Amino acid sequence: MTFGATAHAAYPDKPVRIVVGFSAGGTTDVIARIMAKELTEATGQSFVVENKPGAGSNIGTEYVARSPADGYTLYFVAVTSAINQTLYPKVNFDLNKDFAPIALAAKVPNVLVVNPSVPVKSVKELVDYAKSHPGKLNFASSGSGTSIHLAGELFKQQAGVDVMHVPYKGSGPALTDLIGGQVQFMFDNMPSSWPHVQSGKLRALAVTTKERSASAPDLPTMAESGFPKFDVSSWFGLIAPAKTPPEVIEKLNAIMVKALDKPEVKRSYEQLGAVAVKTTPAEFGQFIKSEVDQWAVVVKASGATVD
């Protein structure tokens, strides 16, 4: 056995950093820590989450793209990075070329919610109402260029409706105004909006993933509601710098895929409204490419940009 093969077989023989491009406490960070715990237990080495927020997660993404391809600095990527590839006029990384995909960890559905004062109880009724009241409906988002904003733009394009975008600095203030009636609807991450649906302050019309959510099995998907090409979610996974040894990639993938079947991981996901999705590295790579391509079209059509 060569020295190189021995070194790879022993991986990891020291702590591994998992960089998150957002502050601690958000969904990306929470799921990253769930996976870090599983990787630590499976290997006997510490997988430590390190938060490097800023520039819509671009600072952390670029940092890992420039890190050594030895398996000891990894990146916990989210849908934001796929959007940022075209949202920002210039980014110093190529998500498809500068990284080696490891595994998709989770998808979190967005949910289409409306203020109960809007007289609609289905997506079709919302489209009909919007078309009969052009320019009168406003949809909120957690900020320009976010997946929540662009889900609204995708709906606007596919439904052919004249609705106005109102950006906020986060889901919290957006939901406050949605509940208050200042805006009429929103595509929000399920974990933050679902308690308001359960309390009756908001009405849910559909989830944005291809499959129904286990957290809301009676709620139809956008595809079931007349939009077969509407498949939007916040997603999260693990990637490494390009040219990371294949043995390292395969080992990490196997651990993550196995972890998704563990009862404690399933319980943690249920609390987040997250869906476990198992992929091979190649499947995750194809998924990332499709996401970059999809959001490029939406970003261009919406005119969204960030300096």
Side-chain angles (χ1 to χ4, degrees), residues 12 14-33 35-36 39 46-106 108 142-150 169-170 233-246 248-249 252-253 256 279 281 284-300 302 304-307:
K14 62 181 180 180
V16 178
R17 293 187 299 167
I18 299 179
V19 175
V20 170
F22 299 97
S23 300
T27 306
T28 310
D29 179 72
V30 171
I31 295 177
R33 290 177 190 277
M35 283 298 122
L39 290 163
S46 296
F47 281 71
V48 181
V49 172
E50 185 175 311
N51 301 93
K52 286 187 177 294
S57 81
N58 287 345
I59 289 174
T61 315
E62 182 181 345
Y63 176 83
V64 177
R66 303 288 171 259
S67 295
D70 58 7
Y72 290 95
T73 303
L74 309 173
Y75 188 62
F76 210 75
V77 66
V79 61
T80 314
S81 294
I83 294 171
N84 289 355
Q85 198 71 69
T86 48
L87 180 66
Y88 283 75
K90 186 178 186 298
V91 292
N92 297 317
F93 61 85
D94 184 317
L95 205 56
N96 292 315
K97 295 179 181 178
D98 293 336
F99 293 95
I102 297 172
L104 186 62
V108 174
S142 55
S144 293
T146 60
S147 63
I148 291 171
H149 166 211
L150 294 178
K169 291 182 178 180
S233 62
S234 293
W235 53 263
F236 314 88
L238 194 63
I239 57 178
K243 299 182 181 178
T244 295
V248 171
I249 300 294
L252 295 173
N253 175 273
M256 287 180 64
T279 62
F284 188 31
Q286 283 300 115
F287 175 77
I288 291 173
K289 185 179 185 303
S290 70
E291 286 286 290
V292 171
D293 292 346
Q294 170 180 273
W295 291 118
V297 173
V298 180
V299 167
K300 184 176 181 181
S302 70
T305 186
V306 176
D307 296 329

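Bear in mind that the values here come from a model prediction, so they are computed numbers and not experimental data.
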Task: Working for side-chain contact (heavy atoms from CB on, under 4.5 Å), residues Thr61 and Val77 - done: CA-CA 8 Å; Thr61 315; Val77 66; 5.8 Å; no

Task: Set of ring pair (Phe, Tyr, Trp, His ring centres under 6.0 Å) partners for Trp235, sequence neighbours left out - done: Phe287

Can you name the residues that form a side chain to side chain contact (heavy atoms under 4.5 Å, CB included) with [X], not counting sequence neighbours?
X      : result
Asp293 : Lys289
Ser234 : Val79, Val108, Asn110, Ser147, Asn189, Phe236
Glu50  : Arg17, Lys52
Thr279 : Ala103, Leu104, Val277, Glu283, Phe284

Task: Test applied, side-chain contact (heavy atoms from CB on, under 4.5 Å); reference residue, Thr73; option that passes from Ile18, Val19, Val16 - done: Val19

Is any side-chain heavy atom of [X] less than 4.5 Å from a side-chain heavy atom of [Y]?
X      : Y      : answer
Thr80  : Thr28  : no
Met256 : Leu238 : yes
Glu62  : Val91  : no
Thr27  : Phe22  : no

TODO: Go through Leu74 and Phe47 one step at a time and tell me if the side-chain contact (heavy atoms from CB on, under 4.5 Å) criterion holds.
DONE: CA-CA 10 Å; Leu74 309 173; Phe47 281 71; 4.2 Å; yes

Exam field: side chain [X] to backbone [Y], donor-acceptor pair closer than 3.5 Å:
X      : Y     : answer
Asn58  : Asn84 : no
Glu291 : Ile83 : no
Asn51  : Val20 : no
Asp29  : Gly25 : yes

Open item on the list: Is there a side-chain contact (heavy atoms from CB on, under 4.5 Å) between Val49 and Phe76? Walk through the geometry before answering.
Closed with: CA-CA 9 Å; Val49 172; Phe76 210 75; over 6 Å; no

Identify all side-chain donor-acceptor contacts of residues 64-71 below 3.5 Å with residues at least two apart in sequence or on another chain.
from: Arg66; atom 1: NH2; to: Asn92; atom 2: O; distance (Å): 2.4
from: Ser67; atom 1: OG; to: Tyr63; atom 2: O; distance (Å): 2.8
from: Asp70; atom 1: OD1; to: Tyr72; atom 2: N; distance (Å): 3.0

